[in-house]
Every structure is written in structure tokens, then in C-alpha cells.
Amino acid sequence: MGMIQCISPVDGSVYAERPALSLEAAKEAVGRARKAQKAWAKRPLEDRVQLVLKGVARLNEMSDLVVPELAWQMGRPIRYGGEYKGFNERSNYVASIAADALAPLVVEESDKFERRIEREAHGVVFVVAPWNYPYMTAINTIAPALMAGNTVVLKHASQTLLVGERLVQAFVEAGVPEDVFQNVFLDHDTTSALIAAGSFNFVNFTGSVEGGRSMERAAAGTFTGLGLELGGKDPGYVMEDADLDAAVDTLMDGATYNSGQCCCGIERIYVHETLYDSFVEKSVAWVSNYKLGNPLDPETSLGPMANKRFAKVVREQIAGAVLKGAKALVDPKLFPQDDGGAYLAPQILVNVDHSMAFMREETFGPAVGIMKVKSDDEAIALMNDSQYGLTASLWTKDPERAGRLGREIETGTVFMNRADYLDPALCWTGVKETGRGGSLSIIGFHNLTRPKSYHLKKVTA
């Protein structure tokens, strides 16, 4: 079998490599997970919840390792301190709702009948996690899956090769049995072969649309449940009554944080004509304040993109849009560190329209297009003119209007006056080519378990 390598965006070196498991070795790992699952599910729920929280606490103790490793693997600046805030918030929230989310739904408890629906663990859950937020995206499924009584097999993207090792190390050191939570290094063919063999009871995949398609093809005919969180091209809409400074601050952060490598990052913005000029001017000033550079330098606020091939896509989209008449407003001289490789300056484009790939395809970089609109109807039509639908960010002082527009938007989450945030009490879900299923919230627990009905008739004398 070959080696799986992480090429660091910091300097182009091979930062880490691990041998890929053979199909036989991978099947053995899954077999151990399968064997361990029944005993794990029989443990009291509270024990499982506490062990997961201990694993989370243990990972928090490892921040001196985790934060610089993330910088080396995918380029996020160390000044942001890893992903602990969201990681902890999500873990603590699902722990707090686990008992209620997994409680039986009692229909009748009388002297004649007991009728109820219980939630039962699927069995072995396979988590295929991406490199852009490798801890937070993985914990969305790992924490509730383990709490619900599943065993978990985790596979990370090669770009963040070490993250799965760190997660499993933390959880096992905290007392989670080794076979209950395992990390594996797999190539695509072995991954597909395992899924096609019906090795897993549920698969959660976060990644590209093409990756999601290959997961569905591999699972075809096995009836394996799939949760897919794929691409995005999330819009912002700034209405005439918006708080302009707050909108600029949140939407520009949402467009550029993590070098724009966020599935729910802001990729296109529609601004009411009355605020358009000042929104654009303030946005260009906001973005121009970034310090692009080595993510291990605490002064750096914008690191390299995770791989030079991702940066190439962004450059090509920008160049294609400019060729069609778009105008780039951020002065490249402000960012001499842009090396034509992984280090990429942020950019704002105006004079854009939906004939440009830059406004249609996922960019996944620190660049955003801004368009002027005259009405809510025009904004809704543009927001819905996309093959994706993860989140939409509405800026207005009127929640009734936001709710009304939200019902017209083809999306998984409607935000008002915020963006680029995952609320663990709400269902994280997408429509169209963004995928299917939903994680976190009570619904996330329901997706990681199956209903079992009990209809018990009592013998009466």
C-alpha cells in the first residue's frame, strides 16, 4: 500500500506521512469496532456522555501540540488558537441534550398496553472528515455518535493527517475503549470498497460534491445511511435598513476567515442600492487590514491556503471574472507575500454577475463578489440561483421580514444579522448539491440512531 502524505502549505515540505491500511487491515479494524459496539451501547448513557466529555477535556490539554500542527497542516494562523471554542461548545451542548434526545417516545403506558418508540444505536459509524475545520467538523458526528452508543471509525483528509490520531489519542487516554473509537488511514479505493461491502451502519461525509457522489455510488444497494455535507456558495443580503458597520464586519470576516476555506463562508453578497457604495468602500478597507504570512507568526492574521492547488482555483476564478468585466478592488501591493502559490491575497470583486464562475462555483478562498440589488425579489432570485444551499445571511432590523424572506430562500439555515456560525442547538443541514441529512441538535441524535417500536400487550385475567 502507498503512503498518505500531508504537504504543508507553510513551506511546501512533506510535514507528515502515514502508510495507508490494506483492505484486510481496514476490515479487521471495522471488525473490532463491530465487536465492541454492543457492550458500549449497554453502558449507561451518562457513562458514555462523561467519557466523551473527558476526551474533549483531554484534547484541550493538548493545545500546545494541536494549534501549531494545524498551522503546519492546513495553514490556519496560530493566533486563532485552533478550533477549541466551537469544538467545546458543540460537545458540551450535545452532552446536555443527549438524555432528552435519546429518551423513548412513550405513546401509552396503561394496564393493557405499553407502546413506545425507543432510539437504538445504528452500530458502527464511519466519519470521513475534511481538512478545513478538521476538529469541529469531526466532533459534530463523533460526540453524538459515541454518546448514542455507536462505535466510531474516523478517517481524515490527507491534508490534516494527524488530526484523527490526536482525537483518538485524547479520547483513549480519557478512558474511551480503544476499539470503540479508532482512527484509520485509507486511500479512496479502500474507503469505497469498505462502504460497498456494507461495513458500516452509517456514514457521515463532509467534503466536496464529487466526494459525496462517490460516497453515494459506493453505498448503492447496501442501504447504508448517509449524511452528506458538501459544497456551498453562501449568500449575504444587506437590506436598506441594515446596520452597515456590523454587516461589513461580519460578512467580510465570513468571506475571508480561515482564508475563506469554510463550507458556510460568505461567497457572494447582494447589497441594496442605497447602501451599496458605502458597503463596498468599507469592505475594501476592512479586508486591506489583513497581515498575510507564515501562520506560525503570531502577527499573521491570514495564512496560506491549505494547498497551492486550492489557491490556483481561486486565482483562475478571479481572472475569469475580470476577463468578463469584473473589477478587483483590493490593491495587490498591500500583500507582497502573495507568492503565486499557497499564499494568496484577499480580494473583493464588483461589476460581477451570475454569468461568471466566480459567482456560481464554490470559490473556497478569501475572495468575494458584491452586487447591487433594487429589491427583495431581485435578491431572492439571485440567492436561489445556485446549485448549493447551506446558509444565507440576511441583514435587516426586521425579524418578520427576515422570516418571510427565509421561507423563499433555498437553504439549510437562515441567519439574520450574523453569518458563518454553527449553532449546535439547531440542525446543520443543506439542500440541493450541498447534500442531505443533518447534524447536531436533537435531529442530529435522531439521524445517528434508528427508531425501534415496542407494542406490548399485557395479558389480562
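In what follows, every heavy atom counts, from backbone to side chain, and hydrogens, waters and symmetry copies are set aside.
- One N or O on the side chain of Gln347 and one on the backbone of Leu329 form a donor-acceptor pair closer than 3.5 Å.
- Looking at heavy atoms from C-beta onward, Met359 lies in side-chain contact with Met371 at the 4.5 angstrom threshold.
- Residues satisfying the salt bridge (Lys or Arg N to Asp or Glu O under 4.0 Å) test with Arg119, not counting sequence neighbours, are none.
- For residues 396-411, every residue pair satisfying the salt bridge (Lys or Arg N to Asp or Glu O under 4.0 Å) rule, not counting sequence neighbours, is listed here: Glu240-Arg401, Asp241-Arg401, Asp376-Arg401, Glu400-Arg404, Glu410-Lys432.
- Side-chain contact between Pro366 and Met305: present, with at least one pair of heavy atoms (C-beta onward) separated by less than 4.5 Å.
- Ion pairing between a basic and an acidic side chain is recognised when a charged N comes within 4.0 Å of a carboxylate O; Glu433 and Arg213 show such pairing.
- Aromatic pair Tyr270/Trp395: ring centres not closer than 6.0 Å.
- Glu118 pairs by the salt bridge (Lys or Arg N to Asp or Glu O under 4.0 Å) definition with Arg116, not counting sequence neighbours.
- Salt bridge absent: Lys85 and Glu89 never bring a charged side-chain N and a carboxylate O closer than 4.0 Å.
- Judged as a ring pair (Phe, Tyr, Trp, His ring centres under 6.0 Å), and not counting sequence neighbours, the contacts of Phe200 are Phe126.
- The aromatic ring centroids of Phe181 and Phe171 lie less than 6.0 Å from each other.
- Taking the six-membered ring where tryptophan is involved, the planes of Trp72 and Tyr15 are essentially parallel, since the angle between them stays under 30° and well short of 60°.
- Formation of a donor-acceptor pair under 3.5 Å by the Glu83 side chain with backbone atoms of Tyr135 is found in this model.
- Electrostatic pairing of Asp423 and Arg418 does not count as a salt bridge here, judged by no charged N lying under 4.0 Å from a carboxylate O.
- Salt-bridge formation is not detected for the pair Glu273/Lys372: no Lys NZ or Arg NE/NH1/NH2 atom is positioned less than 4.0 Å from an Asp or Glu carboxylate oxygen.
- Shown here is Ile443, whose CD1 atom has no more than 12 heavy atoms of other residues, nucleotides or ligands within 6.0 Å.
- Looking at Asn140, its side chain never comes within 3.5 Å of a backbone N or O of Ser439 through a donor-acceptor pair.
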Please list, one pair per line, the donor and acceptor atoms closer than 3.5 Å that link side chains of residues 221-233 to other protein atoms, with sequence neighbours excluded.
{"from": "Thr222", "atom 1": "OG1", "to": "Ala219", "atom 2": "O", "distance (Å)": "2.6"}
{"from": "Thr222", "atom 1": "OG1", "to": "Thr224", "atom 2": "N", "distance (Å)": "3.2"}
{"from": "Thr222", "atom 1": "OG1", "to": "Thr224", "atom 2": "OG1", "distance (Å)": "2.7"}
{"from": "Glu229", "atom 1": "OE1", "to": "Trp428", "atom 2": "NE1", "distance (Å)": "2.9"}
{"from": "Lys233", "atom 1": "NZ", "to": "Glu267", "atom 2": "OE1", "distance (Å)": "2.9"}
{"from": "Lys233", "atom 1": "NZ", "to": "Phe358", "atom 2": "O", "distance (Å)": "2.7"}
{"from": "Lys233", "atom 1": "NZ", "to": "Glu361", "atom 2": "O", "distance (Å)": "2.7"}
{"from": "Lys233", "atom 1": "NZ", "to": "Thr363", "atom 2": "OG1", "distance (Å)": "2.7"}

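- Every residue was checked against the ring pair (Phe, Tyr, Trp, His ring centres under 6.0 Å) condition with Phe335, not counting sequence neighbours, and none meets it.
- Counting non-hydrogen atoms of neighbouring residues, nucleotides and ligands closer than 6.0 angstrom, the CD atom of Glu281 reaches no more than 12 such neighbours.
- Note on ring orientation: taking the six-membered ring where Trp is involved, the planes of Phe202 and His122 are parallel (angle under 30°, cut-offs 30° and 60°).
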